[in-house]
Number of protein chains: 2
Amino acid sequence: MPATPRRVTQRDIARLAGVSQATVSLVLNNRADADVRIAPETRDRVLRVIAETGYAADPVARRLAARFNRIIGVFTYEPAFPSGSRDFFHPFLLGIEEYAERVGCDLLLFTSAPVVDGRRRIFHQDNRLRLADGCILLGQEIDGEELHRLNRDGYPYVAVGRRDDAGGPVPYVGADYATAVRRLVEMALDRGHRRLTYLGMGITAESSEDRRRGYLAAAAAAESARHRSATAADAETVLDDLLADRSTVAFVEDFATVVALERAARRRGLAVPRDLSLLSLGDPTVPVPTDLAFTGFRIPREEMGRQAVEVLARVIDGSASDVPQRLLPCELVEGDTLGTPGQAAGRP
Amino acid sequence: MPATPRRVTQRDIARLAGVSQATVSLVLNNRADADVRIAPETRDRVLRVIAETGYAADPVARRLAARFNRIIGVFTYEPAFPSGSRDFFHPFLLGIEEYAERVGCDLLLFTSAPVVDGRRRIFHQDNRLRLADGCILLGQEIDGEELHRLNRDGYPYVAVGRRDDAGGPVPYVGADYATAVRRLVEMALDRGHRRLTYLGMGITAESSEDRRRGYLAAAAAAESARHRSATAADAETVLDDLLADRSTVAFVEDFATVVALERAARRRGLAVPRDLSLLSLGDPTVPVPTDLAFTGFRIPREEMGRQAVEVLARVIDGSASDVPQRLLPCELVEGDTLGTPGQAAGRP
DNA sequence: CGTCACTGCTAATACGTATTAGCACGCCGG
DNA sequence: CCGGCGTGCTAATACGTATTAGCAGTGACG
């Protein structure tokens, strides 16, 4: 492999066309301001040479001079393409890619970020954030200190998912979990449920907090509204607990857990929703085989991705008046797992 | 949003540490050659200032000066994150990301490339290829002219999947379809099959050509070895055709088609592999529901992605002696759809 | 005391583009 | 013939980093 032949530059074009490098740049950028004029024949000559040589501007040099790149960074706190085939990031990326394509931006995945304590770090030696004009942050839990630093540095970014303040408000495009969960609770109350249990994932992410907040706000009207954490592996003991408490409906944050619960119930001869209603608080992020349509809501992941790019573009070009924060509504899914309490009593 | 405060540069560090910008650069790059020496105390002073200010080198400027970016471009001829979870690219991207992370490179997805005639184009005005040190090309069919141009420009790239010459040999990491198909044909012949049919996808991609070549090479020993194209929608007429020809085994390129064929056979009271053997020439690229384990082979997509990055890295740093071309073996899958011909005759 | 080698640093320049101040020229009006 | 103005372009510079030639200072050695 021979040393890369030096690429064609504006200087080369200039020499061939008998003009200055500046003129080439002016022609390329179609400048026609009052104080910049190029004779049509000169312009044509330059354009002809450009076409002949197949010249293409070096985006790196362009960025250094112009301060903009048309590159949008994407930082994921976990690998962007996990091996589990159905993955958490995919719908977001889909939306991000779609909108990036629309606005003519390339996407830079920060795969070079080193992993410390099982999590990628944005900031490290030889930090490369500035390669992009701005950055989209993806991940369930985002490090507060890193957000602080981003804010301090004035680096343009948008988080996907609502974030608490971190040395100032954090720009985000999130999903309105609180409202969605509140609606589900109200639906359950409407159907006559009085003893509720919320089964969280036991993590401290804002997304979890918002769901819980929505639950607590609406569940005040219930006779009993408990709250505990649960995983799929716990299914058996959790089910014991639900029965002991005479809860008639459970709001389950994690999809795998709700599937495991239903299966555990079936094994004991209990039917969903006849004997127990199960609501899912978000669609699956890992592939869990089930043929049951769970009642719950859908997270507008794709749309979140799209809007994140849109918002970021405005942060970058400075047209965002203040810190943009958007919450998108979650669509309720009418499944088959919400019934009325005491349905079982009717037919013993 | 206030105007971005000017970022900290080496000049700032230099001023604060009372040295020159060059010294800062030398310290940063840990230069300790014979002809470059920095006193330990000076080095420490500079490093201290760097730590205090949180300075991070501008990767754009670095690239302009150093000619390398540690950015690997990824060009996909279709959107990288397709919506019908039909994700052809995913396993490749997974391998690419994994290896990129390992070698400390970021990944640039060329989403800005415009779509003309339903296909993205690498070359267009304001072509941004040079942002990356090199590029990985993904897509079943890759435009020959664009490969020509890449070769001519001396741009470092690697195609995923074997490619025919295009104004010179094309660097690639592909799958050895020819050998895999040949093995399957030999297996079928061993089991006593004598009348074979190959069902292709009717596209001109190299991957298709290689499968067909492997088939033709090994099928010479058969009594009848036909070749035609078929899609899932054709299943019924294709089945008629197979029966009329008394073919006992079909080699099916497209996974959806093989699934449709089996279903069509079942509808007619025929069993696979008792009455007809069906071999799949590659794992699914679209999710097709089936509970049958097809005999065939698996394409090492993830490994292809990994090795593509590895090879590209060597092309970029010039350590690839000649044009690298690798074919990875496909793992044979022992499924339940290859039987012996005339199995049915035994029990009418 | 001149020469030489060695140390530790800096000045200068390159990378390729974008921008801006301003030059040279021709033309017109007075 | 001079001032003024519009036209069409160029020279110079900035962007932030990497590299290299070479300078000043010091000590050793003949």
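Here the structure is a predicted model, which is why all the values come from computation and not from measurement. Chain A is the first sequence line, chain B the second, and so forth, proteins listed ahead of strands; every chain is numbered from 1.
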When the ring planes of B/H90 and A/H90 are compared, do they come out parallel, tilted or perpendicular, using 30° and 60° as the limits?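 The arrangement is parallel - the two ring planes meet at less than 30°.
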Specify the separation, in whole Å, of atom [atom1] of [X] and atom [atom2] of [N].
| X | N | atom1 | atom2 | result |
| --- | --- | --- | --- | --- |
| A/L28 | C/dA18 | CG | C1' | 11 Å |
| B/R63 | C/dT17 | CZ | P | 12 Å |
| B/Q10 | D/dC15 | CD | P | 14 Å |
| A/I50 | C/dG16 | CD1 | C1' | 14 Å |
| B/R11 | D/dA18 | CZ | C1' | 15 Å |

Any side-chain N or O of A/T42 below 4.0 angstrom from OP1/OP2 of D/dC9?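 Affirmative; the distance criterion is met.
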A/T9 side-chain N/O to C/dG16 phosphate OP1/OP2 under 4.0 Å: no
What is the nucleic acid contact for A/V19, judged by heavy atoms within less than 4.0 Å: base, sugar-phosphate only, or nothing? sugar-phosphate
May I ask you to say what B/L64 touches in the nucleic acid, namely base, sugar-phosphate or nothing, with a heavy-atom cut-off under 4.0 Å? base
Note the angle between the end axes of the helix from C/dC1-D/dG30 to C/dG30-D/dC1, five pairs defining each, rounded to 10 degrees.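 One end's axis against the other's: 80°.
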For the side chain to side chain contact (heavy atoms under 4.5 Å, CB included) test, which of B/Q325, B/E206, B/R326 pairs with B/R162? B/E206
Which pairs pass salt bridge (Lys or Arg N to Asp or Glu O under 4.0 Å) with one or both residues in residues 39-50 of chain A, sequence neighbours excluded? none
Collect all protein-nucleotide pairs involving nucleotides 19-28 of chain C in which both atoms are nitrogen or oxygen and the distance is under 3.5 Å.
| residue | atom | partner | partner atom | Å |
| --- | --- | --- | --- | --- |
| C/dT19 | OP2 | A/R31 | NH1 | 3.2 |

Distance-only donor-acceptor check, side chains A/N151 and A/Y157, under 3.5 Å: yes
